[in-house]
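A short worksheet on the structure shown next.
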Amino acid sequence: MPTNEDLAELLFPDVTLTIDDLEKRYPARQLPEGAQVTRFAPSPTGFLHTGSLFTALISYTIAKKSGGVYFFRLEDTDTKRTIEGSGDLLIRELAEFGIVADEGYFPDGDKGEYGPYQQSKRRDIYRAVIKELIKRGRAYPDFCTPEDLDAIRKFQEANKILPGYYGDYARDRNLTVEERIKRIKEGTPWVIRFRSNGNHDQKTKFVDAIRGEIELQDNDTDVVILKSDGLPTYHFAHVCDDHFMRTTIITRGEEWIPSTPIHLDMFRALGWKAPKYAHIPSIMKLDHGNKRKLSKRKDPEAAVSYFLDMGYCPRALLVYLMSIANSNFEEWSIAHKSFDLSAFPFSMKKISMDGALFDEGKLNYFGKEVIASLPLNELFAEVSSYAKAHDAEFYARIEKEPEYVKRILNIEKDRKTPRKDYAKYSDIYPLIRYFFRDEWEKIEASGIPFSDKVDRATVKKVLLELSDKMEFGVDEATWWNGVKKIGESYGFAISNKDYKANPSAFTGSISDCAELLRLAITGSTQSPNLHEVLEILGKAEVAYRLGKVAASL
RNA sequence: GGCCCGUUGGAGAAGUGGCUUAACUCAUAUCCCUUUCAAGGAUACAUUCAUGGGUUCGAAUCCCGUACGGGUCACCA
């Protein structure tokens with residue numbers, strides 16, 4: 001009588017590695033008490049998803065906070081969906097956010113003692129474990145074709161029976177070893193399925209680090225663990241890899257909750273201690289009044305690169321995501337005047353259980369706060385690298401006059417309440433174009449939108465006199481007094497109250513006078529502090545602009 | 001359809017039986033400050049915690065049902 005032992009040898013004659021060998025090869029990690037080992041394990045099927053960044057941020061934070069290890073594993077077992085080079089893309093994008101793994105897969109080679117960190121290179125490990133599972137009778141070769149499975153499912157659906165490969169519907173579950181050996185020798189294609197001992201009428205409980213106790217129906221389906229292409233399925237690879245990589249807590253999307261009993265079932269069958277689980281909520285979006293998961297295909301904001309291309313500061317996105325993960329982050333951040341995520345006392349229990357709606361308004365708020373908090377040199381460096389990649393025109397100007405651009409970026413920056421008008425780097429150039437002569441010429445050519453409040457002849461005279469008499473190199477109060485004096489001589493009320501009390505007695509209020517100046521210099525009724533703008537442009541440039549505008553009136 | 005998870009203001013949410021006349025942040029509105037804007041300051045914005053029952057002297061907080069939303073039932077992860 002042939003045994004499972006014989007079956008295993010027939011299936012994997014070349015496998016001599018054992019689970020014992022593997023246990024020795026990947027010894028328990030020597031980590032301090034409480035240190036957590038976490039991981040980010042994406043499949044290389046495209047760009048970095050916003051939800052993935054969220055999960056990665058949480059994994060990374062848990063490891064760092066506990067003095068543990070955060071590693072990166074590439075789950076490339078789905079050869080059909082794998083996109084060449086996307087694993088490296090993922091790493092690069094993560095790196096932009098400062099999320100760099102302690103160990104794992106890297107474009108230039110693995111780092112760490114628990115590798116390989118790429119599932120397609122772990123075939124020997126999976127095969128070794130599966131061989132033993134077969135010997136123990138906990139896994140078996142299954143000969144169903146896709147058509148067979150389809151027929152089973154159709155039958156179940158038609159009869160309103162729970163679909164799946166389990167119990168009586170697990171066609172090849174109870175084949176004799178002899179029969180299996182015979183079919184294999186005949187060359188029948190096979191996959192390996194896990195033999196579940198579970199009872200669907202019973203419950204399995206596990207404690208989720210975010211949700212607390214979750215109770216689910218026990219797994220009783222015999223899932224495929226080794227596909228016909230020789231690669232494992234996620235279910236098996238997760239159990240195997242996270243055991244031998246000594247992961248202590250699995251952070252993954254909440255869509256995995258329903259399959260957790262399968263994983264627990266396998267951990268039990270292998271006699272391994274299951275890790276803790278933390279199922280992270282998905283980030284949602286409102287679509288026609290309904291919440292739905294951010295979609296890779298439909299939503300541009302599902303791609304992290306969208307924010308990078310838009311010029312959001314990576315830290316702003318990270319800070320925003322952290323405010324979703326732990327809503328008390330905002331209070332902490334304000335109290336400590338800091339956006340340093342590594343200093344924030346992150347708590348897994350404070351992660352909310354339902355998916356947050358992505359709120360671009362709030363991202364913008366953080367964007368402004370973060371950019372305003374950046375020291376000038378850092379801001380300048382970030383803006384330069386953004387412009388280099390996304391805005392050739394702006395970048396050319398930065399290259400040509402770095403100090404000039406720095407002065408512009410520094411406007412109202414060193415105050416107790418710094419200027420906050422850039423939510424993202426792409427907001428900057430359109431707002432500061434007028435600082436450059438040729439751009440200003442274009443603005444001027446299209447017509448300065450003076451209001452009709454003050455007649456043009458007066459406007460012209462005021463601008464000319466301003467050009468002639470305005471002081472440069474003095475403090476703001478002195479400069480402003482000078483402007484007021486000139487304004488007053490043309491009938492502008494220096495006090496807004498006086499003006500409001502009797503508008504007809506004046507040419508306008510002093511703000512109207514300032515508006516003329518502002519309009520001529522910047523082309524807009526809105527600008528940052530005029531005095532600083534004037535000082536940056538310099539007397540000659542201001543005189544040029546004023547003269548040219550006046551001449552056109 | 002089965003199973004699981006969730007439901008506090010426009011958004012993120014605090015709150016786990018009396019201290020809540022429901023914190024804080026964003027958004028919005030109004031006002032103040034002000035040479036414009038961005039800020040900054042102040043005020044307003046849930047008579048009520050999806051809903052119906054129940055437990056209790058007392059419930060957003062505990063229990064049950066219902067509704068709604070999300071997820072999952074692959075040789076995809």
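Owing to the predicted nature of the structure, the values given are computational and were not obtained by experimental measurement. Naming convention: chains lettered A, B, ... in sequence-line order (proteins, then strands); numbering from 1 in each chain.
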Handout entry: Residue matched to G2(B) through Watson-Crick or wobble contacts both under 3.5 angstrom
Key = U72(B)
Handout entry: Pairwise C1' distance, U21(B) and A27(B) [rounded to whole Å]
Key = 25 Å
Handout entry: Touch class at under 4.0 angstrom, heavy-atom based, for Pro418(A) against every strand present
Key = sugar-phosphate
Practice task
Give Ser527(A) one of three labels, base, sugar-phosphate or nothing, depending on what nucleic acid heavy atoms sit under 4.0 Å from its own.
Solution key: base
Problem - Inter-nucleotide P distance (U8(B), A14(B)), Å rounded - result: 10 Å
Exercise for the section: Check every strand shown and say whether Leu231(A) touches a base, only sugar-phosphate, or nothing at a heavy-atom separation below 4.0 Å. Expected result: nothing
Practice task
Taking atom C1' in both C49(B) and U20(B), compute the distance separating them and give it to the nearest angstrom.
Solution key: 11 Å
Handout entry: Sub-6.0 Å ring centroid separation between Phe307(A) and Phe358(A)
Key = yes
Completion exercise
Per-nucleotide protein contact along nucleotides 67-77 of chain B, 5' to 3', at a 4.0 Å heavy-atom cut-off (B base, S sugar-phosphate only, - neither), is --SSSSS-BBB
Fill in the blank from the handout: Ranking Asn328(A) and His531(A) by the position along RNA chain B of their nearest nucleotide, the one closer to 5' is Asn328(A)
Exercise for the section: For side chain to side chain contact (heavy atoms under 4.5 Å, CB included), just list the numbers for Glu439(A) and Tyr434(A), CA-CA rounded to whole Å, side-chain angles, deciding distance to a tenth of an Å, and then say yes or no. Expected result: CA-CA 6 Å; Glu439(A) 288 298 312; Tyr434(A) 62 84; over 6 Å; no
Exercise for the section: State plainly whether the residues Glu157(A) and Arg153(A) are in salt-bridge range, i.e. N to O under 4.0 Å. Expected result: yes
Practice task
Starting from P on U25(B), measure out to CZ on Phe339(A) and report it in whole angstrom.
Solution key: 14 Å
Problem - His279(A) and Phe206(A) aromatic ring geometry - parallel, tilted or perpendicular at 30°/60° bounds - result: perpendicular
Practice task
Confirm from the modelled atom types if Lys484(A) and U35(B) form a donor-acceptor pair under 3.5 Å, side chain to base only.
Solution key: no
Problem - Atom P, compared across A50(B) and G10(B): separation rounded to whole Å - result: 13 Å
Exercise for the section: Report the C-alpha distance between Lys291(A) and Leu357(A) in whole Å, list the side-chain angles of each, state the deciding distance to 0.1 Å, and finish with yes or no for side chain to side chain contact (heavy atoms under 4.5 Å, CB included). Expected result: CA-CA 8 Å; Lys291(A) 261 183 163 187; Leu357(A) 244 28; 3.4 Å; yes
Problem - U20(B): pairing nucleotide in any strand, Watson-Crick or G-U under 3.5 angstrom - result: none
Practice task
Using a 4.0 Å heavy-atom cut-off across all strands, classify Glu215(A) as base, sugar-phosphate, or nothing.
Solution key: sugar-phosphate
Exercise for the section: Say whether, by atom type as modelled, one donor and one acceptor occur between the side chain of Asp299(A) and the main chain of Ser295(A) under 3.5 angstrom. Expected result: yes
Practice task
Would you indicate which nucleotide in C3(B), A13(B), A11(B) comes nearest to any side-chain atom of Asp354(A)?
Solution key: A13(B)
Problem - Rounded P spacing from A22(B) to U16(B) in Å - result: 16 Å
Practice task
Using whole Å, report how far CG of Asn529(A) lies from P of U35(B).
Solution key: 11 Å
Handout entry: NZ/NE/NH1/NH2 to OD/OE distance under 4.0 Å, Arg73(A) and Asp242(A)
Key = yes
Problem - d(CZ, Arg211(A); C1', U7(B)) in whole Å - result: 13 Å
Practice task
Could you tell me the separation between the CZ atom of Phe206(A) and the P atom of C4(B), rounded to a whole number of Å?
Solution key: 12 Å
Fill in the blank from the handout: Between CG of Leu517(A) and C1' of U36(B) the distance, given in whole Å, is 12 Å
Fill in the blank from the handout: Checking N1-N3 plus N6-O4 or O6-N4 for Watson-Crick, or N1-O2 and O6-N3 for wobble, each under 3.5 Å, the partner of U43(B) is A29(B)
Practice task
Write down the distance between NZ (Lys205(A)) and C1' (C4(B)), rounded to a whole number of angstrom.
Solution key: 15 Å
Fill in the blank from the handout: For C62(B), the nucleotide meeting Watson-Crick or G-U wobble distances (both under 3.5 Å) is G54(B)
Practice task
For Trp332(A), answer base if it contacts any base atom (sugar-phosphate contacts may also be present), sugar-phosphate if it contacts only those atoms, and nothing otherwise; contact means non-hydrogen atoms under 4.0 Å.
Solution key: nothing
Exercise for the section: Quick one: label Glu331(A) by what it contacts on the DNA or RNA (base, sugar-phosphate, nothing), any heavy atom closer than 4.0 Å. Expected result: base
Completion exercise
Against the side chain of Ile510(A), the closest entry in A38(B), U35(B), G40(B) is U35(B)
Problem - Assigned partner base of A38(B), Watson-Crick or wobble definition, under 3.5 Å - result: none
Problem - Same-atom distance (P) from U51(B) to U43(B), integer angstrom - result: 30 Å
Handout entry: 5′-ward residue of the pair Pro528(A)/Ala325(A) relative to RNA chain B
Key = Ala325(A)
Practice task
Taking atom C1' in both A44(B) and U36(B), compute the distance separating them and give it to the nearest angstrom.
Solution key: 27 Å
Exercise for the section: Identify whether any heavy atom of Lys368(A) sits under 4.0 Å from a base atom; if not, whether one sits that close to sugar-phosphate; answer base, sugar-phosphate or nothing. Expected result: sugar-phosphate
Practice task
Could you tell me how the ring of Tyr320(A) sits relative to the ring of Phe366(A): parallel (under 30°), tilted (30 to 60°) or perpendicular (over 60°)?
Solution key: tilted
Handout entry: Interatomic distance where CE belongs to Met353(A) and C1' belongs to U16(B) [whole Å]
Key = 11 Å
Exercise for the section: Please give the nucleotide sitting opposite G9(B) as a Watson-Crick or G-U wobble pair, both distances under 3.5 Å, or none. Expected result: none
Problem - pi-stack flag for Tyr365(A) and U25(B), centroid dist under 5.5 Å, interplanar under 30° - result: no
Exercise for the section: Under 4.0 Å between any heavy atoms, over every strand shown, what does Thr525(A) touch: base, sugar-phosphate, or nothing? Just pick one. Expected result: base
Problem - Cation over ring face, Arg315(A) and Phe339(A), 6.0 Å, 45° - result: no
Exercise for the section: Would you classify Lys203(A) as touching base, sugar-phosphate or nothing, given that sugar-phosphate means primed atoms plus P, OP1 and OP2, and contacts are heavy atoms under 4.0 Å? Expected result: sugar-phosphate
Problem - Residues Arg415(A) and Glu532(A) bridged, charged N to O under 4.0 Å - result: yes
Practice task
Rounded to whole angstrom, note down the C1' distance from A60(B) over to U7(B).
Solution key: 12 Å
Completion exercise
Of U35(B), G12(B), C5(B), the nucleotide closest to the side chain of Ile214(A) is C5(B)
Completion exercise
Lys362(A) atom NZ is separated from U28(B) atom P, nearest whole Å, by 13 Å
Handout entry: Tyr169(A) ring center near His200(A) ring center (under 6.0 Å)
Key = no
